[in-house]
Amino acid sequence: MHIHEFQEMMKRLYFQRDFDRGVNGTFNWLVDEVVELGEELKGIDREATEKEFADIIAWLASLANIMGIDLEKAAINKYNNICPKCQHSPCHCTF
Ligand SMILES: [Zn+2]
């Protein structure tokens, strides 16, 4: 399954509810899920951590659906086999 297909599945499952909740409410859910992932990363429960990753991509897809943004296209446009800052693969940026 490609990112685009996953996003379309999320649209079929949840679009009306996501649309009714709106951008701010859906963004807040995404942020809550990121915080939950942060908590899981402190522990040792691999299965729970995987589920938090799943929740984050699901809420990110929901938010993109509301905004009319194609996640796969956006990701590939920015990260197309090279670092968008230094134009190298692997990245040569210094932090
Ligand atoms: Zn770089």
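For the single chain, residues carry numbers from 1 onward in sequence order. When a ligand or atom number is given, it counts from 1 through the structure's own listing order.
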Dump the intermediate steps for side-chain contact (heavy atoms from CB on, under 4.5 Å) on H88 and I82, then the final yes or no. CA-CA 5 Å; H88 286 95; I82 57 172; over 6 Å; no

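Side-chain contact between H4 and L71: absent, with no pair of heavy atoms (C-beta onward) separated by less than 4.5 Å. Residues E72 and H2 are in side-chain contact: their nearest non-hydrogen atoms beyond the backbone lie under 4.5 Å apart.
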Donor-acceptor contacts under 3.5 Å from residues 54-62 side chains, at least two apart:
residue	atom	partner	partner atom	Å
S62	OG	D18	OD2	2.7
S62	OG	A58	O	3.3

Residues 25-38 side chain polar contacts: donor-acceptor under 3.5 Å, at least two apart:
residue	atom	partner	partner atom	Å
T26	OG1	R21	NH1	3.1
T26	OG1	G22	O	2.8
N28	ND2	N24	O	3.3

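Listed by chain and number, the residues in a side-chain contact (heavy atoms from CB on, under 4.5 Å) with C91 are C83, C86, C93 (sequence neighbours excluded).
For the Zn ion (ligand 1), protein N/O/S neighbours under 2.8 Å (waters excluded) are C83 SG, C86 SG, C91 SG, C93 SG.
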